[in-house]
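Notes for the one structure printed next.
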Amino acid sequence: MAEVHIIGNLDGGEGFSSPNLSCKWCFETGGAWRLLEGVKDGQTQVDHPIDEGRAHWAHPIDLHYAIKGIQGWPKVSLQVFSEDIYGRTQLVGYGFVHLPTSPGFHEIECPTWQLAGTALDQVQSYFVGNGPQLINDDVIASGSDRYRLQTIASGTVYLSLYIVTRNFNKFGIES
Amino acid sequence: MALVTSRHISHDPVSNLKIKVQLKRITSTTVLGNIAETFANPTSTGQEIELMPREEEAGATEEATVSWQEKVLSQREIQLYGDLINCNTVRERHYHDVIEGMRERNEFHHRRIYTCVEEDPAVGDKENMPLTTRTSQALSYLEHKIRQARPAGRKQNYTPLQHPVQVPSSDVNRKSNHVQLVAAQRMYIMADIGRPRGLPRPEDEVVLCAVTMDTNHVLSITPPFDSTKAHSIENSDGDVWEYTVEQVVQEISDQDQSRELEVMDELFARHSSLLHNMVGSVFTDPPQEGAQRVHVFGEIARAIGFEADNLFVNYSFDLPLGWCVEEEVEMRGLTQRSHVRETKSGQIAHFNHPFEMTLFNSSSKEEEIGGRPRLFVEVRSVDGWDRVRLEGYGYLTLPPTPGCHTQTVQTWRPEGPDNTTKLRRFFIGGTPELSDVRYTHVPSNYSSHPDQNTLLGKFGFRTISSGSVEVRVNVVKQTMPTFVEDDQKYKRVALKDKYGRPGVQLALLDAIETFSKARKRLETMRTTLEPSLARLAQNVNTEQSVIKRWSKLTFNKD
């Protein structure tokens, strides 16, 4: 049994259609991973950047896993929401990223995408909000059904994480 | 004189803390002081002059041992609280009772050392002692406000999602939230270093030792415990006193010590068994000696700088000879179609398409067999008429070193022989494509032999450069663990895992380490010095006895 600590921050997001952003995040792992301590999903506050630049969330992440195998290394899947002047919340980005495997400090950029709708969808989302959304969130972090999607490049989410590993050399693992 | 504060973290009950303070008047000053006093008071009788030095002698040294928050009353307090009119609080009345009891038992001694504990009203005044030698010690408005704030305890019933914001902030909340300190208990060991005769004066009262214990079990002591280091103080009359502060240590018996260690061992064993019950101690078996298992986690992150809109990537992995996948996984795939976005670095399409696989290599000498696995990418675009055009080809060799890698794959597409292909691509779609994507790296029919001296020539093949694809790859390798003899760090970790109680084991390890080092040195000395020793030995009885003596010397040195 080896152990992995993931400590860090969900720093912020930039480059989305609206600057007032919040983010819902969730860690997904394989079956050989067991969460000993920490919370693996969360939701940030809505940040209104002062200069319409990067929204800062600085949302804390602190997880401790005990693992029986490397397969299913954790990945974090993200959903970014924006808030407009009427207080409506819209989904503006899906994203996911594999966590870095090497121990140390990592600054991660996660590009996100959003679903492209038909002309009717666009008109609808312009007036009443709510563009197309995924029915099943599993698609965010899996590759099998991706070819069926038509997407638009969206903003980027930034994470800074420390990875700490324990007992890896005992099982001959170099990461 | 600048005093130092030492900080200790202790989980022992603080009631065990005992501090011994020794106060001593500098003798030469005493003598000088007496002479001066004799000359200053010509009315005093000869008897009194004789008595004075003896009394001073008696009061010149004083020793006191106090425990945590133990109250020792000062002369001034005895005078103050001895009168019931001055006692307003319960605490002060309790002091009055104590003084009355002392009076009844006739236990009055002139003591210089006394204490100031948390409940005393005077303890707050000690906080106001100036920090700097600045001329004005007046508090700013903010400092004044911070003083009023309550020390924070740990908030137990904090519910995070209910109204974290208060508009406007009330005074009560401001006091409890804007805090500079953790809650702490204070205690001061003080001394009255005035003349024994006469009324005790507040300006003669000095702090010998300040002790603070906060809720995080941090004990701060100013000055630190040191029985050898004397600190000097001077009163308003110019008398110099010296004092030392030390901790009174109660020796723990062997039985108690062994019991404590046993309890610690049991605690660690329970903790590790709990973890093992929860998770289990199994782990994926490492591959055979010489083979390696390579876990690959990655994403095709984005495409940068392509001319066309609505891009997608068709990717495939190519495993050379000697490599195989452990579980059946899709080795090729398609990303979603992504519209591009204008940024500073050009047009960007985001894919973030995951790939994840576990590869197995039967030989560690991968270069001899067929190289490393490769990822081939083909970027294509779809236009408004659903026509698909090729935008670029590229490949990426999976990094041989474990870790995280962000790689950029530069792509190109083949140029046709004449302008018709360009016209065709523009108007009706369709571009020249490679029949085999592996041509981007090494053509499949190409075989390299060092003897044949064949050249990998791609001259004559014309391409047009295109955008680039950003790929993030994480590589984790697993091989048969080989432990190097000198890997002390690993040994330490392993021992700690096995037995818990790091202290004893580490001490043992250190001892073994120093012993083996000494032995090594001895051996090298023996080999290097043997010829010269042999010469020496001619004068002494036998060669052996000299070497023995030599080795004894070296051991003593170590």
Side-chain angles (χ1 to χ4, degrees), chain A residues 1-3 15 30 32 34 36 45 65-75 93-102 104 106 108-116 139-156 163 166-175, chain B residues 275-276 278-287 292-293 295 297-299 301-302 310 312 326-327 330 333-341 343 347-356 358 382 401-404 406 470 472 474-483 487 489-490 493-494 497:
Chain A
M1 182 195 68
E3 287 166 59
R34 196 190 159 113
L36 289 182
Q45 78 275 22
Y65 283 103
I67 65 172
K68 290 194 235 172
I70 295 296
Q71 267 122 336
W73 192 273
K75 40 195 175 188
Y94 289 108
F96 107 94
V97 71
H98 275 109
L99 291 195
T101 51
S102 60
H106 302 272
I108 307 157
E109 284 181 21
C110 174
T112 64
W113 44 267
Q114 77 188 103
L115 294 170
V139 185
I140 302 171
S142 87
S144 51
D145 281 334
R146 282 284 185 100
Y147 70 94
R148 291 165 63 187
L149 304 178
Q150 171 70 61
T151 64
I152 306 168
S154 195
T156 310
I163 307 288
R166 183 162 181 263
N167 281 350
F168 269 29
N169 55 354
K170 198 164 143 188
F171 303 105
I173 294 167
E174 298 169 57
S175 62
Chain B
L275 204 64
H276 278 262
M278 250 167 80
V279 188
S281 52
V282 286
F283 200 85
T284 321
D285 287 326
Q292 58 176 336
R293 184 185 283 127
H295 300 270
F297 308 97
E299 302 103 52
R302 49 193 170 187
N310 210 4
F312 69 94
E326 212 168 50
E327 287 162 23
E330 205 58 55
L334 280 169
T335 69
Q336 75 268 34
R337 284 153 287 144
S338 174
H339 287 295
V340 294
R341 203 163 58 87
T343 60
Q347 289 191 322
I348 287 191
H350 287 177
F351 303 115
N352 239 17
H353 187 95
F355 55 84
E356 191 174 327
T358 306
V382 188
T401 50
C404 335
T406 306
E470 197 182 287
R472 280 167 39 92
N474 292 292
V475 178
V476 181
K477 266 189 194 177
Q478 189 177 19
T479 48
M480 194 63 164
T482 48
F483 302 125
D487 196 357
K489 193 179 148 202
Y490 174 73
V493 171
D497 272 355

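What you see is a predicted model, and the numbers here were worked out from it, not measured in a lab.
In this structure, chain A has a heavy atom under 4.5 Å from the backbone of B/V475, while its side chain stays farther away. Looking at B/F312, there are no atoms closer than 4.5 Å to chain A (heavy atoms on both sides), in backbone or side chain. Of the atoms belonging to A/L99, it is backbone heavy atoms, and not side-chain ones, that fall under 4.5 Å from chain B. For A/A32, no part lies under 4.5 angstrom from a heavy atom of chain B. Using a 4.5 Å cut-off between heavy atoms, A/A141 contacts chain B through its backbone alone, with no side-chain atom that close. Heavy atoms of B/E470 lying under 4.5 Å from chain A are absent altogether. For B/T335, the part lying under 4.5 angstrom from a heavy atom of chain A is the backbone only.
Ring pair B/F283/A/F171 is parallel by interplanar angle, where below 30° counts as parallel and above 60° as perpendicular.
Remark: the B/E299 side chain and the A/H98 side chain contain an N/O donor-acceptor pair separated by less than 3.5 Å.
Looking at B/L275 and A/E3, their side chains come closer than 4.5 Å, going by heavy atoms from C-beta outward. The shortest side-chain heavy-atom distance between A/I70 and B/T284 does not fall under the 4.5 Å cut-off. Residues A/Q150 and B/N310 are in side-chain contact: their nearest non-hydrogen atoms beyond the backbone lie under 4.5 Å apart.
A distance of 11.5 Å separates CD of A/Q114 from NE2 of B/H350, quoted to the nearest 0.5 Å.
Across B/P286, B/G298, B/G333, the residue that shares the most heavy-atom pairs under 4.5 angstrom with chain A is B/G298.
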